[in-house]
Amino acid sequence: SINLSWTLAPGTTAQTLLVSRNVDMSNAQTLTLGSATATSFTHQSLNPSTVYYYQLQAFKGTCGAPAVSAGASTLPPPTRLYVNQNATGA
């Protein structure tokens, strides 16, 4: 998972959080925040070894502030360790 957090701008009445696998935010999807004044979001069920780009825009009434962008990468899947239970010590 990727944990995002931010400081809420004074007077914010709504926010939009987008995610894309493309730095230009093409094919972006809107993520659902817990509330209009949320200050964090945990993005779960992500693909391993993948870069995700996020864009957050705050609104005061109908006026939108410039969007803030960030990127993050998920970790690769864990390596499996196999143990030979028939091995004998010397």
Side-chain angles (χ1 to χ4, degrees):
S1 64
I2 293 176
N3 297 314
L4 304 168
S5 63
W6 56 91
T7 301
L8 193 65
T12 298
T13 57
Q15 302 177 90
T16 301
L17 180 61
L18 302 175
V19 63
S20 177
R21 291 188 191 171
N22 305 306
V23 70
D24 66 357
M25 296 303 291
S26 59
N27 299 315
Q29 297 177 345
T30 302
L31 299 174
T32 302
L33 298 173
S35 72
T37 56
T39 58
S40 64
F41 181 81
T42 300
H43 197 188
Q44 300 177 347
S45 301
L46 303 173
N47 295 324
S49 301
T50 304
V51 177
Y52 291 89
Y53 298 94
Y54 298 89
Q55 191 174 76
L56 178 71
Q57 186 171 21
F59 295 88
K60 183 175 182 179
T62 58
C63 298
V68 178
S69 300
S73 179
T74 55
L75 298 174
T79 303
R80 292 181 185 221
L81 176 64
Y82 295 96
V83 177
N84 184 348
Q85 295 180 355
N86 296 323
T88 58

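Looking at residues two or more places apart in sequence or on another chain, you find no side chain to side chain donor-acceptor pair (under 3.5 Å) involving Y52. Looking at residues two or more places apart in sequence or on another chain, you find no side chain to side chain donor-acceptor pair (under 3.5 Å) involving N47. Every residue was checked against the side chain to side chain donor-acceptor pair (under 3.5 Å) condition with N27, not counting sequence neighbours, and none meets it.
Note on L56 and L46: same hydrophobic cluster, where clusters join Ile, Leu, Val, Met, Phe, Trp and Tyr whose side-chain heavy atoms are under 4.5 Å apart, directly or indirectly.
Closest approach of G11 and K60 over heavy atoms only: O-CG, 3.3 Å. Taking all atoms of both residues into account, the shortest heavy-atom contact from F59 to T16 is CE1-OG1, 3.5 Å. The two residues A38 and L33 make their nearest non-hydrogen contact at CB-CB, 4.2 Å. The shortest heavy-atom contact between T13 and G61 is OG1-N, 2.9 Å. Scanning both residues, S26 and S20, for their nearest heavy atoms gives O-OG, 2.7 Å.
Within the 4.5 Å cutoff, the side chain of Q57 has no heavy atoms near those of the L18 side chain. Side-chain contact between I2 and Y54 is present, with heavy atoms from C-beta onward closer than 4.5 Å. Between L17 and L4 there is a side-chain heavy-atom pair separated by less than 4.5 Å.
Interatomic distance, L31 CG to Q15 CD, rounded to the nearest 0.5 Å: 12.0 Å.
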